[in-house]
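First comes the structure, then the notes that go with it.
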There are 2 protein chains.
Amino acid sequence: MAKMSDVAKLAGVSTATVSRVLRNPDAVTPRTKQKVVEAIEELKYQPNMLARHFRRTETNTILVSVPNIINTVFAEIVGGIEDEASKNGYRVLLRNTNNQVDSEYSSIEHLKQRQADGIIMLSPKMDERLLEEISEQYPMVMATANLHSSKVPTVSINNVSSSKKATDYLIQLGHKRIGHITGRLDSIISKHRYRGYCQAMEEHNLPVDQNMVREGDFTYESGYKQMKSLLSQKTVPSAIFAASDDMAMGVINAAKHHGLKVPGDLAVVGFDNVKFSSIFDPPLTTIAQPLFDMGKRSMELLIKKLNNVPLSQTEYILDDELVVRASCGAEIEEGLIKK
Amino acid sequence: MAKMSDVAKLAGVSTATVSRVLRNPDAVTPRTKQKVVEAIEELKYQPNMLARHFRRTETNTILVSVPNIINTVFAEIVGGIEDEASKNGYRVLLRNTNNQVDSEYSSIEHLKQRQADGIIMLSPKMDERLLEEISEQYPMVMATANLHSSKVPTVSINNVSSSKKATDYLIQLGHKRIGHITGRLDSIISKHRYRGYCQAMEEHNLPVDQNMVREGDFTYESGYKQMKSLLSQKTVPSAIFAASDDMAMGVINAAKHHGLKVPGDLAVVGFDNVKFSSIFDPPLTTIAQPLFDMGKRSMELLIKKLNNVPLSQTEYILDDELVVRASCGAEIEEGLIKK
DNA sequence: TTGTAAGCGTTATCAC
DNA sequence: GTGATAACGCTTACAA
């Protein structure tokens, strides 16, 4: 494999000149540049990036810590990150944590060992104070995370207001016994979505009945199971707000298997607007998180940090949207919501 | 940031010894080792991996070229790759190609620039001869690809026999007008699946009617569109074999929107067994590709190549399986297939 | 504008 | 078993 010194020799110049041609061609006369370029082509020279990264102490690589790449929510965010990254000459190193905090720590180690220029953490589970500490020393951005503190730059939607919006919608359709399947309640996202649900209920003087609330873990299976549990009670909800589309689909299938019609006997609102939510039968009414954009935006912010551009804020709240489909039996007609 | 020489100084040894403690601790007396370890902890020394990679000319990173990470098929394979990689101390660098051949070439450049120790290509579209050439010089494995040649190690299922199996199943259920939605026919995978379909038909003396065959591109949308097209004809199929689950779901929804009952009026078999296929209504009968395992296996093979372990073969065919669910209206009962 | 040469932090080859 | 030192390939003061 040809190295820079080979190119230099063939072109009759020094390695410094070859390096300049590569890095900043205008600092060199057209003539020498020409010679060097020819030599590069002749030898099919490829710079040894390991040497370059070492010397420049940068990798052009950003690390993404993902709880689970198979989850379409994260896959879409990663898609957005990758898109923006490759447009800017960065590569994306993926780290699947499988929801293990240990794995998150080891991602941080990678960062400290300078194997990546920066990190984007998706829904981190690790200690918040530690996260802040690292964020002070290394370029870091978080996506789909709501920490208590706002020291770490975070891209998300407003999980409280969006959930309130979802619940409001069900109330507006006339529902009173509205159940909620939460995500794992050790996650702040889940707490916020729960809070939005509570706020909507309380504002309309509807009691938040703990018999109507179940803790899931964002998965289809947990939605299915918790709905079964709700259906085994004497009083049964007429509507469900699920904190994820996967759970909403579990809820609907559980209801169907129980002989209920959706939306006839049960209205369901999901959360995320993953691809399948529109394909599912019935298509899900859901809160659309701009997942791809969240990924893009996180990467944009990280690039700013990498270039020492000061960020004007630390919380970037993107717009969510209630996407109305058939799972609540409502149709938009002339701008009005009809049951 | 502390460097090795700092550790050496504090421990009162040379850098060579520190390096030894890190790489091969048994080549050092317990006493010196102890001193060095203490110094490392005291200084919170982290090796500079950029320097190490440069020096060792290896990165412990493998590159995965993915047509589209948002596609659950690929996401599951990547999940398997990541799993096996992290068990073996490798990191996974992701490159989303968005089905652009150019992007595949640029992944290869990364490899040549020694930014990764090896590469796994998922469904590559680039020139086959070039692929072979690169495979001779660099560690490379392919997954979900069937090339004509068998020089590049490839992990896949047998797309011909699996498709034949799927079609046979429909024939066995009594269907005669069986349609097929292919993937893009410039892909060998699609051609093989088509071939399996044809073989099954011909073996049962059923004509392969070109009016019953449509070219899709593996996406839900294409399945939907091509089914609409099939339904606009005078003679309409009674069953469809779709070359992907996404297309199968498109087919089913198109049929439903057209007023047909699935499986009552139309039986559908898909391909891939993505997570959502069992959640869909009706749950899809489909060919299960062991996606996660395919990822794992590809990584295993790549690790062998990286360690210069000779591979006994170049084609690794994993077992597929026909998963029978409700989309064909059949139920397994006492081991018998009933209509 | 171009060349010289030092240096990035680690590892490997020698001696001792 | 340990230490001195050269080397990996590129970048960058500094000198010319």
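Convention: sequence-line order gives letters A, B, ...; per-chain numbering from 1.
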Any luck finding a side-chain donor-acceptor pair between [X] and [Y] under 3.5 Å?
{"X": "B/S5", "Y": "B/T15", "answer": "no"}
{"X": "B/R95", "Y": "B/S65", "answer": "no"}
{"X": "A/Q137", "Y": "A/E133", "answer": "no"}

- Compute the bend angle of the helix from C/dT1-D/dA16 to C/dC16-D/dG1 from the end axes (five pairs per end), rounded to 10°.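 Terminal axis comparison yields 30°.
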
Is the shortest side-chain N to carboxylate O distance from A/R184 to A/D186 below 4.0 Å?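 Yes, this pair counts.
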
Under-4.0 Å salt bridge between B/E300 and B/R297: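 Answer for the salt bridge query: yes.
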
Quick tally for nucleotides 5-16 of chain D: nucleotides whose base has a protein heavy atom under 4.0 Å get B, sugar-phosphate-only ones S, the rest -, giving --BBBBBB----

Distance check needed: [N] [atom2] versus [X] [atom1], whole Å only.
{"X": "A/E58", "N": "C/dC8", "atom1": "CD", "atom2": "C1'", "answer": "14 Å"}
{"X": "B/K35", "N": "D/dG1", "atom1": "NZ", "atom2": "P", "answer": "15 Å"}
{"X": "A/Q113", "N": "C/dC8", "atom1": "CD", "atom2": "C1'", "answer": "18 Å"}
{"X": "B/N24", "N": "C/dT10", "atom1": "CG", "atom2": "C1'", "answer": "15 Å"}

message = Base, sugar-phosphate or nothing for A/V13? Non-hydrogen atoms, less than 4.0 Å.
response =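 Sugar-phosphate only.
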
Identify, with sequence neighbours excluded, every residue that meets side-chain hydrogen bond (donor to acceptor under 3.5 Å, both in side chains) alongside B/S86.
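Result, side-chain hydrogen bond (donor to acceptor under 3.5 Å, both in side chains) vs B/S86: none returned.
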
**Asked** To the nearest 0.5 Å, what is the distance between CD (A/Q113) and CG (B/L50)?
**Response**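 A/Q113 atom CD to B/L50 atom CG measures 10.0 Å (nearest 0.5 Å).
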
Among A/V66, A/I81, A/L63, side-chain contact (heavy atoms from CB on, under 4.5 Å) partner for A/L94: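 That would be A/V66; it is the only one of A/V66, A/I81, A/L63 passing the side-chain contact (heavy atoms from CB on, under 4.5 Å) with A/L94.
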
